[in-house]
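In this chain, residues are counted from 1 in sequence order.
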Amino acid sequence: MENLISLVNKIQRACTALGDHGDESALPTLWDSLPAIAVVGGQSSGKSSVLESIVGKDFLPRGSGIVTRRPLVLQLHRVEENREWGEFMHLPRKKFTDFAAVRKEIADETDRETGRSSKSISTVPIHLSIYSPNVVNLTLIDLPGLTKVAIDGQPESIVMDIETMVRSYIEKPNCIILAISPANQDLATSDAIKISREVDPKGERTFGVLTKVDLMDKGTDAVDILEGKSYKLQFPWVGVVNRSQADINKNVDMIIARRKEREFWSSSPEYKHMANRMGSEFLAKMMSKHLETVIKSRIPGLQSLINKTIVELESELSRLGKPVATDAGGKLYMIMEICRGFDQIFKEHLDGVRPGGDKIYSVFDNQLPAALKRLQFDKQLSMENVRKLITEADGYQPHLIAPEQGYRRLIESCLGSIRGPAEAAVDAVHAILKELVHKAINETSELRQYPTLRVEVSNAASDSLERMRDESKRATLQLVDMECGYLTVDFFRKLPQDVEKGGNPTHSIFDRYNDSYLRRIGTTVLSYVNLVCATLRNSIPKSIVYCQVRDAKRSLLDVFFTELGGKEAKALGRMLDEDPAIMQRRTNIAKRLELYRTAQSDIDSIAWAK
C-alpha cells in the first residue's frame, strides 16, 4: 500500500502542476483540502537550520535580513536507493545531486520572481522535492520570517506583507503549524507563538519547536517550556540544537551535527530525562506520524470533496462541449452532428415538443380568416362598376340571356384582391419559421461554441426558408389564379333563370341594365366570391404547409450539407473557430478532472486497505 504522505505529496505535485489553487470556476480545490505543515517563525529564529536538520542537508540560502522571500514547499520522499537528489517543479526532469546547486537555484528562482536587487517578497511558491533514504515522508512549507521593522531597501509594507502571507497559509483549518521560537529569547515575545495563538487559540494545530537551547545563558534552562508549563499546547514541545555558525562555516557534516545534538540532550542534567523526545530526528518522525494521522482522519472528507468536484468538473466539461477534431473527416462529422442537433431542436419547435409551432396554426386559424373577412368588395361590386364591366363585356352586341363575360370580369376583379391575404399568410409563416430557426440556434449549445459555424448555419437555414417561401408563394397564388381561371359551373346552374317556366322573358333587353338587375348580378358575384374564399381558407394553409413547413422539416439544411461535402479540411476548420479561451479552459478542466479521478482511485484504494 502506498504511504499516505507519499500519496498526498503526489497529489499536491499534480495540483501544483495544474495550478489547482482556485480559479474562475470557483470550484473547491484539492490542494486547499490536503493537510500541510507550515513552518512559522521570526527572522533568525533558526527556521532554516531546523529544516536542514530534518533533511540532513545544507540546501537553504543563508544571509542577513530576509533570506526566505518566497514560500518554499518542501516535499521529502524516503527512497530505498542509496543516493540523494532534489527536483524543482519549475525544472522538470532535472535532478540536482549537488545540494549547493539546490541552494543556488532557490536563490536564483527567488530573484527571477522578485528581482535580484529587490528585497521584496512574493507569494508565488517554489516547489522542491528531495529524495533520500535518510528522510521521512513529509511535506513542509517554509515561509518568510516574521519581522517587526523594514530595513533599507525594503518597502514599508514588508512587515504587513509577510504577516498576510503567513496568515494565508496558517489560517486554513487543514494547516498544521510548526511554530519556531528561540530559547534564548523571552517566549512572550515570540512572533511564531503570537500569530499561532491568533489563528489557533486552543493550540489544536500548533506544534512548538524550541531552538537555540544550547545558547541560553548559564544558570537558565528551557525545561518549563519543553514540559509545557510555561505555555501549554495540545502537543508536546520539541527542543532542537542546530549547528553553530562556526560549524556552518566549517561545513560540519549533518550526520556529525545530529550526533552532537543527541549527545547534548542525553548528557545535559536538565534535559536527559526527556532526551528521547528531543532533537530534529524525533521532530521529523513525530511530524510525519502526526501528518499521516491527520490525513487518515481527513480521508472521508477528501473522498466527499473529490466525488463532488468530479461531478462538477464533468458537468462543466459537458457544457464546454467536445474538442475540435484534427482531421477533415472528424471535422466534417462534428459539423454534421452539430447541425443534426440543431435540426432536431427546430423540428421539436414545429411539432410542439418545444414552444413556437402553434403560432403557425394561429396564422391559419386567425390571421388568414380575419384578412379574408376584412376584404371589401364594395368598390368592385358598386352599381357603377357592375354597369361599367357588364356593358364593356357586351361590346357592341348586348348579351342575350346572361352577361357571362361580365360575370367573369367581376369575379376576376374580386378574386384578385385575395392575393394580398394569401401572400401575407405565406410571409407570416416565413417569419415564424425564421424565428424558430433563431430559437433553435440559440438552444443548440454547440453552435454557441463555434461563432462562424453558427453564422453559416443561420445563413444556410435563412436561404432555404427564402427559397421555400418563394415556392410557397408561387403555389399559393396559383390556387387563387386557378379559381379565377375556371369558375364552378354548378353554382351558376342553381341560380334562378331570367326566363320563367312558360317561356317569356321577364324583362326586355333594355331593362337588363337597370339598377335592380345590376344589383342582382352584384349579389350573385358576391355569393360566388364568398364561396371561393371559404375554399381558399382551407386550401391556402395546405399549400403553405406543403411548400414551407414540411420542406423545412425535411430539408432545411440539405443544400448546406451538399456544400459541406466539397469543402477541404482548412475550410471546415474555419467553421470550427472556437474561442481560444474556451479551448484552454476545456484543456484545464480535462486535466483537473484527470487529476481528481486519479486522486479518487488512489484515496479509495487507501481507504479500502485500512
Side-chain angles (χ1 to χ4, degrees), residues 1-37 73-81 85-90 92-93 95 125 127-133 135-141 172-176 287-323 583-610:
M1 181 180 72
E2 187 174 13
N3 179 277
L4 274 174
I5 297 176
S6 297
L7 171 60
V8 169
N9 284 349
K10 183 175 79 172
I11 295 173
Q12 285 176 328
R13 288 198 304 276
C15 287
T16 302
L18 293 181
D20 190 42
H21 294 266
D23 60 14
E24 68 276 14
S25 68
L27 294 171
T29 64
L30 192 52
W31 172 275
D32 290 336
S33 302
L34 295 172
I37 301 172
V73 180
L74 177 63
Q75 294 183 331
L76 306 182
H77 307 268
R78 185 178 181 86
V79 293
E80 298 301 324
E81 302 174 56
W85 72 93
E87 293 180 4
F88 287 95
M89 183 70 72
H90 63 273
R93 296 181 296 277
K95 292 185 178 181
H127 293 264
L128 170 63
S129 295
I130 293 179
Y131 300 82
S132 169
V135 299
V136 294
N137 291 305
L138 193 59
T139 298
L140 299 163
I141 304 173
K172 295 173 183 175
N174 289 314
C175 181
I176 301 164
M287 296 308 298
S288 179
K289 185 176 180 180
H290 179 74
L291 183 58
E292 188 165 345
T293 301
V294 171
I295 292 170
K296 283 182 180 178
S297 70
R298 298 285 194 276
I299 283 179
L302 284 172
Q303 288 175 310
S304 176
L305 168 66
I306 288 171
N307 293 337
K308 178 184 176 184
T309 307
I310 285 175
V311 171
E312 292 174 338
L313 289 172
E314 287 176 338
S315 174
E316 176 74 357
L317 203 58
S318 175
R319 187 186 67 79
L320 292 173
K322 298 177 182 178
M583 295 173 66
Q584 186 59 50
R585 175 147 183 77
R586 184 191 298 107
T587 301
N588 293 343
I589 291 291
K591 288 180 179 178
R592 285 187 69 194
L593 184 58
E594 183 181 0
L595 162 65
Y596 276 68
R597 283 173 175 162
T598 301
Q600 180 187 51
S601 175
D602 291 342
I603 291 177
D604 285 350
S605 66
I606 293 287
W608 282 104
K610 286 199 302 180

With rounding to the nearest 0.5 Å, note down the distance linking OG1 in T139 to CD1 in I295.
7.5 Å

Which residues share a side chain to side chain contact (heavy atoms under 4.5 Å, CB included) with K95, sequence neighbours left out
R83, W85, E87

State which residues pass side chain to side chain contact (heavy atoms under 4.5 Å, CB included) with R78; sequence neighbours excluded, sorted by chain then number.
N137

Gap between atom CG of N174 and atom CG of L302 - 0.5 Å precision:
7.5 Å

Which atom of R298 lies closest to which atom of P173, heavy atoms considered
NH2-O, 3.7 Å

Roughly how far, to the nearest 0.5 Å, is the CD atom of E81 from the OG atom of S132?
10.5 Å

Check against side-chain contact (heavy atoms from CB on, under 4.5 Å), R597 and E314:
CA-CA 11 Å; R597 283 173 175 162; E314 287 176 338; 2.7 Å; yes

Heavy atoms only: give me the nearest I306-Q600 pair and the separation to one decimal.
CG2-CB, 3.6 Å

In Å and rounded to the nearest 0.5 Å, what is the SG to CD1 distance from C175 to I37?
8.5 Å

Nearest-0.5 Å distance that lies between atom OH in Y596 and atom CG in L305:
6.0 Å

Donor-acceptor under 3.5 Å (S297 side chain, V294 main chain):
yes

Nearest heavy-atom contact between L76 and V135 is CB-CG2, 4.1 Å

Flag for N588-Q584: side-chain donor and acceptor within less than 3.5 Å:
yes

Any Lys/Arg nitrogen of E316 or R319 sitting under 4.0 Å from an Asp/Glu carboxylate oxygen of the other?
yes

What pair of heavy atoms forms the shortest contact from I141 to A36, and how long is it?
CD1-CB, 3.9 Å

Is a side-chain donor or acceptor of S304 paired with a backbone partner of P300 at a separation under 3.5 angstrom?
no

Verdict with reasoning, R586 to L317, per side-chain contact (heavy atoms from CB on, under 4.5 Å)
CA-CA 6 Å; R586 184 191 298 107; L317 203 58; 3.6 Å; yes

Got L593 and I310 here, is their nearest side-chain heavy-atom distance under 4.5 Å?
yes

Atom CG of L128 and atom NE2 of H90: how far apart are they, to the nearest 0.5 Å?
9.0 Å

